[in-house]
Amino acid sequence: MQTIKKKFFSIFLVFYLIIGSFTSLNTGISFDEYHEEKNWKFHVTLTKHLTKHIILGEEYDQKFDKEYQGYLGYGVGFQIISQPIQFFVKKILIQTQKIDNYGAHLTSKHFVVFLFFFLSGVFLYLILKKIINDRIFCSVTAILYLLYPYLFGQSLFSPKDVPFMSVWIFCTYISFNVFEKILEKNNINILSVFVFALTTAFLLSIRIAGILIFIQYLITFIIYLNSSDFNLISFIKSFYKKIIFFIISLVFLTLLFYPPFWLNPLLVFTAITHMANYFNDVCTNTLGSCMHPKNLPPTYIPIWLSVKLPLFIIIGIFLIPFTEKKIFTSPKKNMFFGTILITPFLIILVLILKKVHLYDELRQIMFLIPILFILGSVSLYIFSKNIFYTFAIFMISLFIFENIRINPYQYVWFNLPSRYIDLTNKFELEYQGISGREIANHISASNYDNLCILVNPLHSLKPYLNDKRFNCFAAWQAIDTNYKRPFLAVQHVRNIKKGKSYKCETVYSSSFKLLLHKKKFTTGKLLKCS
């Protein structure tokens, strides 16, 4: 019995990895995945061209300067890992699923995305152990994190946000290891410094917004200086060789992951400015208000966190004034928990003051959620172990139930207190087009042969349809034109907000219902227009 208790977390991880991998490969293709694939193909083409230009002296084609504007801020680090794995997984999908070659290639990336999230749960466990040396607490919290429907749902498809969030956790753990060795006056070898630089460069390569990790590193460093005998000058004198090696490695690896920077490294600053002011002309329905990226109120982030974070995390965060003295009990814990405590609030403050453009609820700041998860869990556990474990038992049960009940729309999940609000009218819901697969399955089982289909994005639906039965497609926007009738139209993503178009009737709806919420969440509709 004791052996089973010790190995319970490992057994959970094995089953979780198997079930999650299978689920990810049966989840629809999201809105962003087409652009992510284009990003990879552009960088491959650019890399070949630059190699010939730099090594063979061929003339540089200026067209790449203009084309690169569409991919500013995104490198190829994650793709270098995902693409070889996708090659093998794609073959399995083509043999086992009714999906075309392109769709199988996009779907195969889901497995890699989920694998990164799975590993982030392991690293979250390791970070927790540095703060609370209790294996059961760390295991339970990691299980809660991995089952948390909002993040688990994102991990089934999100090719940018989840890898970025996961690698941020990797960077956090590795940076803690480095500063822990320094604090304990242990030797830091070159390999450790290189791994630190590699993970940081990898984070930057997924999204240039990874530059924000240096705020976290700075916080850890300042707390370390306050806990040690070193001042800034003495620290630099003692570690200047390692610091120089870290900077050189970081710059080299970042450039390696960003081919456009090879000719002009200063483009990194252009990319940072571009991403901070990235304009997507959509509004995100937030507590009933249509909030645009260019004019976000300071309440945008707090509102979304209040409806997406689990209740026990929110309670734990509010209890910090009563628990912090029991947590800050040693220099190491001061450094680790102090970093976790300050980082999310300081970064959120910077984003608000700089008026950084955000949209689609918490996508751009999803990397802060695991940190807030650690913060709230540790605080609640310190306040009362009994309360923490009572919440844990209830929330694990709820998470498992809802992960089954609302699959594959877990990423739309809202916490229990928010379910007393009319969420369907007050908040942005299904903005990624995951419902396309479910609707395509319905179309395939129907007798709608030889009808054109209006849908946007096309890749959310077309890969699942037999091209001999369905080979006529157009953009959803054509529904309000004189497009030849009859035709089918798929109303999902933000189009779900629109009313019924002229001479169109709903013939199928995809939806789900959250526990304790009165209304169903409609995720997609199939219209027949005659």
Side-chain angles (χ1 to χ4, degrees), residues 19-20 22-24 26-31 144 146-158 284-288 303-314 360-363 366 369 391 393-443 445-446 460-461 464 489-500 505-527:
I19 295 170
F22 176 80
T23 306
S24 70
N26 285 277
T27 297
I29 300 171
S30 64
F31 193 91
L144 281 163
L146 289 169
L147 291 176
Y148 173 28
Y150 175 64
L151 290 186
F152 177 65
Q154 297 278 358
S155 76
L156 300 177
F157 64 86
S158 182
T284 302
N285 189 12
T286 306
L287 201 58
I303 288 172
W304 275 105
L305 288 174
S306 70
V307 298
K308 288 292 186 180
L309 288 176
L311 178 60
F312 75 98
I313 296 299
I314 296 173
D360 288 351
E361 40 110 335
L362 297 173
R363 285 186 56 195
M366 196 186 299
I369 291 180
F391 262 110
I393 293 169
F394 173 73
M395 295 307 292
I396 287 174
S397 302
L398 175 68
F399 287 173
I400 291 173
F401 174 76
E402 292 205 319
N403 275 317
I404 296 171
R405 179 186 175 94
I406 68 176
N407 182 65
Y409 307 110
Q410 292 99 312
Y411 85 98
V412 185
W413 187 88
F414 287 83
N415 63 25
L416 289 174
S418 69
R419 297 181 192 187
Y420 290 94
I421 303 171
D422 183 359
L423 297 171
T424 57
N425 289 321
K426 297 288 187 180
F427 287 93
E428 202 68 49
L429 302 177
E430 213 278 291
Y431 54 83
Q432 282 285 16
I434 299 299
S435 57
R437 184 166 191 163
E438 182 181 344
I439 294 171
N441 290 338
H442 174 80
I443 293 173
S446 70
S460 68
L461 190 86
Y464 310 108
V490 176
Q491 189 177 19
H492 67 348
V493 196
R494 281 184 164 80
N495 298 326
I496 202 72
K497 299 175 185 177
K498 289 193 64 175
K500 204 175 290 183
E505 61 174 334
T506 302
V507 293
Y508 179 77
S509 291
S510 59
S511 61
F512 69 89
K513 193 173 185 297
L514 286 172
L515 191 69
L516 302 179
H517 190 260
K518 295 179 180 179
K519 289 188 176 182
K520 277 188 175 183
F521 288 28
T522 300
T523 56
K525 294 179 182 179
L526 177 64
L527 309 178

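The first residue in the sequence is number 1, and the count goes up from there. Just the heavy atoms: all of them, side chains too, but no hydrogens, waters or symmetry mates, feed the values below.
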request  = Show your reasoning for whether side chain to side chain contact (heavy atoms under 4.5 Å, CB included) applies to Phe312 and Leu144.
outcome  = CA-CA 11 Å; Phe312 75 98; Leu144 281 163; 3.8 Å; yes
ask   = Aromatic rings Tyr148 and Trp413: how do their planes relate, parallel, tilted or perpendicular, breaks at 30° and 60°?
value = perpendicular
task = Name the orientation class of the two ring planes belonging to Tyr411 and Tyr431 (parallel below 30°, tilted from 30 to 60°, perpendicular beyond 60°).
result = perpendicular
Min side-chain heavy-atom separation [X]-[Y] under 4.5 Å:
X	Y	value
Phe157	Ile29	no
Ile443	Ile439	yes
Arg419	Leu515	yes
Leu416	Leu398	yes
Leu526	Thr506	no
Phe427	Glu361	no
Thr523	Ile496	no
Met366	Gln154	yes

Side chain [X], main chain [Y], donor-acceptor under 3.5 Å:
X	Y	answer
Glu402	Ile406	no
Asn415	Ser418	yes
Ser306	Ile303	yes
Gln410	Tyr150	no
Asn407	Asn403	no

About how many Å separate [atom2] of [Y] and [atom1] of [X], when rounded to the nearest 0.5 Å?
X	Y	atom1	atom2	answer
Thr284	Leu362	OG1	CG	10.0 Å
Phe401	Met395	CZ	CE	13.5 Å
Leu146	Leu151	CG	CG	9.5 Å
Ile400	Arg405	CD1	CZ	15.5 Å
Ser435	Phe521	OG	CZ	14.5 Å
Tyr409	Ser511	OH	OG	8.5 Å

Looking at every heavy atom in both [X] and [Y], which two are closest together, and how far apart are they?
X	Y	answer
Leu514	Phe414	CD1-N, 4.1 Å
Lys498	Gln491	O-NE2, 2.8 Å
Tyr464	Gly28	OH-CA, 3.6 Å

task = Would you mind listing every side chain to side chain donor-acceptor pair (under 3.5 Å) that reaches into residues 513-522, with sequence neighbours excluded?
result = Asp422-Lys519
Listed partners of Asn441 passing side chain to side chain contact (heavy atoms under 4.5 Å, CB included), at least two apart = Arg437
task = Applying side chain to side chain contact (heavy atoms under 4.5 Å, CB included), run through Val507 and Leu527 and close with a yes or a no.
result = CA-CA 6 Å; Val507 293; Leu527 309 178; over 6 Å; no
query = Among Glu438, His442, Lys525, which one satisfies side-chain hydrogen bond (donor to acceptor under 3.5 Å, both in side chains) with Tyr508?
reply = Glu438
